[in-house]
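Naming convention: chains lettered A, B, ... in sequence-line order (proteins, then strands); numbering from 1 in each chain. The structure displayed is predicted, hence computed values, not measured ones.
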Amino acid sequence: FLGAGGGNDIQWCFSQVKGAVDDDVAEADIISTVEFNHSGELLATGDKGGRVVIFQQEQENKTQSHSRGEYNVYSTFQSHEPEFDYLKSLEIEEKINKIRWLPQKNAAQFLLSTNDKTIKLWKISERDKRPEGYNLKEEDGRYRDPTTVTTLRVPVFRPMDLMVEASPRRIFANAHTYHINSISINSDYETYLSADDLRINLWHLEITDRSFNIVDIKPANMEELTEVITAAEFHPNSCSTFVYSSSKGTIRLCDMRASALCDRHSKLFEEPEDPSNRSFFSEIISSISDVKFSHSGRYMMTRDYLSVKIWDLNMENRPVETYQVHEYLRSKLCSLYENDCIFDKFECCWNGSDRQVEFLSLIVMTGSYNNFFRMFDRNTKRDITLEASRENNKPRTVLKPRKVCASGKRKKDEISVDSLDFNKKILHTAWHPKENIIAVATTNNLYIFQDKMN
Amino acid sequence: MLGKGGKRKFDEHEDGLEGKVVSPTDGPSKVSYTLQRQTIFNISLMKLYNHRPLTEPSLQKTVLINNMLRRIQEELKQEGSLRPMFVAASQPADPLSDNFREAQPAFSHLASPPLLPADFVSTMPLESCLTPASLLEDDTFCTSPAVQHDGPTKPPPPALQPVKDSFSSALDEIEELCPAPTSAEAVAAESAAVDSKAQPSESNIHKPEGLPESRTAESKLMDPLPGNFEITASTGFLTDLTLDDILFADIDTSMYDFDPCTSATGAASKMAPVSADELLKTLAPYSSQPVTPNQPFKMDLTELDHIMEVLVGS
C-alpha cells in the first residue's frame with residue numbers, strides 16, 4: 001500500500017537517464033515540460049526547441065519481475081516552430097510550455113501541446129503494416145504502364161518495421177494575446193481550457209476557429225494591472241468547475257454554470273500573510289507557479305516559490321497543509337531576485353494512484369535547485385530530498401537522501417546553501433499514474449527513477 | 001553571484017546585501033533597511049529597462065517587478081513627503097533618509113521647494129512601513145523570528161554618516177565636474193542627502209503631468225517591449241531617474257520651462273519634450289550599466305554637453 005509507508009518508505013532507485021551527457025547545454029534541448037499519459041505507458045517531454053519526444057515503456061517482462069519496463073524513444077517530432085509577430089516585431093518562442101494527454105479511445109494516441117500562442121492536437125499512430133501488391137503502382141510508388149498489366153491481384157498488408165507517425169490534427173491559434181501558461185482537458189474529454197496571463201479560453205477539441213472566453217482579468221486601463229493568471233486546471237470530476245491561480249498567491253474556483261464569463265469566482269482561496277515573514281519579496285514568493293487537483297478532486301495543491309500548500313476545497317481561508325521546500329532560501333531572496341531565480345516556476349505533482357487503493361493523493365513531489373527534488377508524505381509528515389545526477393546513480397541502488405545545511409556547522413554529507421548550484425534547477429517532475437515510477441527533468445536530461453521492488 | 005558553487009563571490013555579494021548589519025542598534029537597521037530598499041529599487045529598474053529581449057518579456061515578471069517598484073515608492077512617499085500630490089515633488093532634505101534624492105527632474109515648473117521635516121524619522125513609526133526594520137535584526141535580509149516594535153522612534157545615531165558619505169561621493173563627483181547649477185532646485189540638490197546613481201524621486205509613481213506625451217511606466221510595460229529604448233525612454237521611471245542623475249547639475253533647466261512667454265528660450269521650450277526623449281535615447285547605453293556608487297560620470301557628462309549643444313541647435 002503506497003501511502004502506508006509514505007515517501008520515505010518508498011526506496012527510490014535510479015533507472016534511466018535520457019539526454020546529452022556533456023555539460024554544455026544546447027538551448028534547444030532544455031526540457032520545458034514532462035507528462036505521463038493516462039496509462040503510464042507513454043512519457044512525453046517538450047523542449048525549448050519546440051520538439052516533443054515520447055518514450056514508451058517496454059512491456060513488463062515476466063521473467064524480469066524485479067524491474068519494471070524501461071522507457072525507450074517512441075516518437076520524436078517538431079511540434080512548434082518559431083514564429084515572428086510582425087506587428088510587435090517580436091519572436092514567438094517555439095518552446096513547449098505544456099503537454100496534456102487525452103485518454104486513449106482507439107489505437108492512436110492524442111496529446112495537446114502548446115507554446116506561448118498556439119495549441120496543437122497531435123495524433124500519434126503506429127504503422128506496422130503496409131499494403132503491397134498494387135496493380136497500377138510499383139512498390140516504390142511509380143505508376144506502371146497499364147499496357148504491361150497482364151494479371152490482377154488483390155493488394156495485401158504485409159508487416160513492416162514499426163513506424164510511429166505524429167500528425168497535427170488540429171491547430172488552435174489566434175486566441176491568446178498573452179502567453180499561454182496552462183492547458184487542461186475537461187473531464188468530459190470534449191473540451192479543454194487554455195490560460196494566458198490575463199485570460200482563460202474554453203475550446204472544443206473538434207473546433208479550431210472558435211473559442212470562448214471564460215475568464216478575463218485584463219483591466220480597462222493596463223496601468224492598473226497588478227495581478228496575472230499563473231496556472232489553471234479543470235476539476236478532475238466536475239466538468240463545469242475549474243480553478244486558476246494568480247501572481248498574488250490566490251486561487252479562484254469558478255463554476256461555468258454560474259455565468260458565461262466567470263469573472264466572479266465561486267470560491268477564493270487565500271492565506272493571510274504571516275507578518276513575521278513579511279519582506280520586500282513577499283508578493284513575489286507568494287506567486288503560485290503550479291496548481292494541481294488531487295485525484296479525488298477534494299484537495300488541490302499549489303506551489304509557490306518556497307513551499308507547497310494543500311488546500312481543502314471546502315476551506316478557503318487557509319491551506320490545510322504547508323510543506324517547506326527550501327526554506328533556507330528565505331534569507332537569500334535579494335540575490336535570487338537579482339539573478340532572476342526568484343521567478344523560476346516550479347511545478348508539483350501528486351503520487352499516482354496505487355493498484356490496490358485508487359485515487360489517494362498522499363505524496364507530493366516538487367523540484368528545487370542543485371538538481372534536488374523533494375517529496376512530502378502527507379500521512380507521516382516525513383520528507384526527503386533526492387538528487388538527480390549521473391554521478392551518484394547506479395541502477396537498482398537506492399538513492400541517498402540529501403540534506404542542505406542552512407546555517408551553522410555543516411555536517412558530513414550535508415551541502416551548504418552557498419554551494420548550491422542555482423543553474424541546476426528541477427522545474428518539471430511527473431509521477432506515473434499507476435506505479436511508483438517518476439520522471440524528473442533537469443535542465444536537459446530526463447531521469448527516471450523507480451521504487452526498489454523487493 | 002549565485003552559480004556553480006561560486007562560493008567566494010556569493011559570500012562577498014551576500015555580505016553586501018543580505019549579510020551583516022553594521023551594528024545591532026536600530027539606527028543602522030534603518031540604514032540597512034533603506035539601503036536594501038534602494039538596492040532593490042535599483043535592481044528592479046534595471047530589470048525593467050535593461051532587458052532587450054527578442055521575445056516579449058514575461059508579463060508576470062514585469063507585473064511583479066512593477067508592483068515592487070510601486071510599493072517602494074509608496075513607502076518613500078509616506079516616509080518623506082508632506083505633499084504627495086506634487087508630481088515632481090522634491091524629497092525632504094533629511095540627512096537620515098539616506099537614499100532620498102534632492103534633485104529635481106528637469107521640469108522645474110513642477111517642482112516644489114524642498115521640505116525639511118526636522119526629525120521625521122523619529123516620529124514616523126516603522127510599523128507603518130511595509131517591512132519593519134526589525135526584520136533585519138538577525139542579519140538576514142528579509143525575515144526575523146520576532147517582529148519588534150520598540151526602538152523605531154530612536155533618533156538615528158552618527159553611524160549613519162559613513163554610509164551617507166559613500167553614496168554622496170558620486171554626487172560630489174558630479175558636482176566637481178559641473179558648473180554651479182542655475183536653478184534653485186539644483187542648488188537644493190547639492191545639499192541633498194546621499195544617493196546612488198539610480199535614485200527614484202517620489203514623483204515616479206505618478207505620471208508627470210507636465211508631459212502629455214509620455215506614457216506611464218505601467219502602460220509601457222504592459223505593452224510588449226520591442227527592446228529598444230525609444231519606448232522605454234518615455235516612461236515615467238526612466239525619465240526621472242536618468243535626468244536626475246546626469247542632467248540636473250549641468251543643464252540650464254530653464255530651457256525646460258513650458259512657459260510660452262519665456263522669450264530667450266521660446267524655441268527651446270517647444271523643443272524641450274523632444275529633447276528630453278532624444279537625450280534619453282542617447283543615454284540608453286549609459287543607463288544599461290550596472291549601478292554602482294563609483295560610476296564614472298565624467299565621460300557621460302562630456303558626451304551630454306555635446307549632445308545638448310547639438311540639440312539646442314546653437
Side-chain angles (χ1 to χ4, degrees), chain A residues 82 85 87-93 95 116 178-179 181 196-198 218-219 221-230 247-248 275-285 287 330-343 345 369-370 415-424, chain B residues 1-8 10-11 13-14 17-18 36-37 39-41 43-44 46-47 53-56 58-68 70-72 130-132 135 138-147 207 215-228:
Chain A
D85 181 338
L87 202 60
K88 297 176 190 170
S89 288
L90 288 172
E91 276 180 23
I92 299 172
E93 268 194 301
K95 172 169 72 88
D116 284 339
Y178 302 96
H179 291 178
N181 52 55
D196 67 30
D197 295 311
L198 298 180
K218 183 179 177 186
N221 184 356
M222 279 295 269
E223 294 166 21
E224 293 164 19
L225 180 67
T226 57
E227 191 174 8
V228 299
I229 297 169
T230 53
S247 55
K248 286 195 175 173
S276 65
N277 268 342
R278 185 193 262 171
S279 76
F280 288 110
F281 306 102
S282 291
E283 188 194 39
I284 297 181
I285 63 171
S287 177
R330 194 179 286 275
S331 57
K332 314 287 181 198
L333 292 177
C334 191
S335 306
L336 295 165
Y337 179 63
E338 195 170 4
N339 67 10
D340 275 355
C341 282
I342 209 174
F343 298 107
K345 293 184 192 161
Y369 294 105
N370 210 67
I415 295 164
S416 79
V417 183
D418 301 334
S419 310
L420 294 175
D421 187 342
F422 288 85
N423 292 320
K424 292 187 178 168
Chain B
M1 198 71 78
L2 305 175
K4 296 185 173 136
K7 193 172 176 180
R8 216 168 275 247
F10 181 71
D11 279 346
H13 188 74
E14 186 190 8
L17 288 178
E18 300 176 294
Q36 287 168 19
R37 183 173 58 193
T39 309
I40 293 172
F41 194 92
I43 294 171
S44 303
M46 283 176 54
K47 278 187 189 306
L54 296 166
T55 57
E56 275 181 270
S58 155
L59 185 64
Q60 180 200 359
K61 196 168 146 185
T62 305
V63 165
L64 288 171
I65 297 172
N66 210 29
N67 290 351
M68 174 82 88
R70 279 187 193 160
R71 239 180 289 127
I72 293 178
L130 276 180
T131 307
L135 291 180
D138 57 345
D139 287 3
T140 61
F141 197 67
C142 309
T143 61
S144 167
V147 174
K207 190 189 308 194
R215 296 164 59 180
T216 61
E218 289 73 28
S219 67
K220 284 296 176 184
L221 292 169
M222 297 315 132
D223 296 342
L225 297 173
N228 62 58

Here the gap from B/Lys61 atom NZ to A/Lys345 atom NZ, rounded to the nearest 0.5 Å, amounts to 10.0 Å
d(A/Ser279 OG, B/Ile40 CD1) to nearest 0.5 Å is 7.5 Å
Here the pair of heavy atoms bringing A/Ser247 nearest to B/Leu64 is O-CD2, 3.9 Å
For B/Arg71 and A/Phe280 the tightest heavy-atom approach is NH1-O, 3.1 Å
Sorted by chain and residue number, the side chain to side chain contact (heavy atoms under 4.5 Å, CB included) partners of A/Pro82 (sequence neighbours excluded) come out as A/Glu94
A/Lys95 meets the side chain to side chain contact (heavy atoms under 4.5 Å, CB included) criterion, sequence neighbours left out, with A/Ser32, A/Lys48, A/Glu93, A/Asn97
Begin from the C-alpha positions of A/Asn181 and B/Gln60 and carry the test side-chain contact (heavy atoms from CB on, under 4.5 Å) through to its verdict.
CA-CA 11 Å; A/Asn181 52 55; B/Gln60 180 200 359; over 6 Å; no
query = Would you say A/Asp197 and B/Val63 make side-chain contact, with heavy atoms under 4.5 Å?
reply = no
- Heavy-atom check, side chain of B/Lys47 versus side chain of A/Tyr337, under 4.5 Å: yes
Okay, A/Lys218 and chain B: the region with an atom under 4.5 Å from a heavy atom over there is neither
One option among A/Asp340, A/Thr230, A/Leu198, A/Ile284 has the most heavy-atom pairs under 4.5 Å with chain B, and it is A/Asp340
